[in-house]
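In what follows, a single structure is set out as structure tokens and then discussed.
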Amino acid sequence: MEFTIEHLKKSFEKKEVLKDVSFTFRGGNIYGLLGRNGAGKTTLFNCLNRDIRTDGGEFWFSDASGRRQAAPDDIGYVLSTPTVPEFLTGKEFLRFFLEINEKQIPDPKPIEEYFRIVNIEPEDQNKLMKDYSHGMKNKMQMLINIIAEPPLLLLDEPLTSLDVVVAEEMKGLLRKLKEDRIIIFSTHIMELALDLCDDIVILNQGRLEEVEKENLNSVEFKNKIIEMLKEEDHA
């Protein structure tokens, strides 16, 4: 499976944020999407998720059976600031999600088993989500996407504000998830991308560019990424 973006463009008034984004992402990989703050990473995700209208270009999935347009259920989106219905308990929210998506989940598991996947303890499952920590809310967002199994998962800096333990748990989950889907992981932290991701792409001056990773841990490789980001800053 592949996900292809071709000539995607987006401007806000006179500011051209995405100039000509073209790239093909391959299944089974985690892609680190690097870029300075304000480079347009979230704008790109919002375009792909159809939360905002593009000014041009297209994107689609392709496999051995051919090419098809991306449907809403094909794309999962985990925001940097978790959005959950805080008036529900974790268990109520998960039960509601399973009920409204029962036709799309052919072999549902017991609710407790889903909570074990993301290490949410039984005493926390019955708490209102307004009392959840940032990390627990983030886990609930991730859990919904684990259950829904979209072929493309967009992660907008989901680990930046998590403590070390929760961040390591989330990274382990992502490594398990990547086998059957494409994961694009947005971050401005280079070390995190190098640790977690199989491939690195940089959003540089409104375009996507892949960076070769033969010498992943070399000083030269890291300096190349830094120089590319500096070029964007002075553009």
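In this model, no donor atom of one side chain and acceptor atom of the other lie less than 3.5 Å apart for D51 and Y77. If you check the side chains of T89 and N126, you find no donor sitting under 3.5 Å from an acceptor.
Closest non-hydrogen pair, D73 versus P150, comes out as O-CB, 3.7 Å.
Not counting sequence neighbours, S133 has no partner by the side-chain hydrogen bond (donor to acceptor under 3.5 Å, both in side chains) test.
The cluster map of Ile, Leu, Val, Met, Phe, Trp and Tyr, joined by side-chain heavy atoms under 4.5 Å apart, puts L98 and M140 in the same cluster. Criterion: ILVMFWY side-chain heavy atoms under 4.5 Å apart, direct or through other members. Under it, I111 and M142 are part of a common hydrophobic cluster.
When atom types are taken as modelled, the side chain of K139 and the backbone of V118 share a donor-acceptor pair closer than 3.5 angstrom.
For the pair E16 and K19, the salt-bridge criterion is not met [side-chain N within less than 4.0 Å of a carboxylate O]. R175 and D195 are joined by a salt bridge, as a carboxylate oxygen and a charged side-chain nitrogen come within less than 4.0 angstrom of each other. Using a 4.0 Å cut-off between charged nitrogen and carboxylate oxygen, R95 and E102 do not count as a salt-bridge pair. Salt bridge present: K178 and D198 bring a charged side-chain N and a carboxylate O closer than 4.0 Å.
For the pair K10 and F12, the cation sits on the ring face: its NZ or CZ lies under 6.0 Å from the ring centre, inside 45° of the axis.
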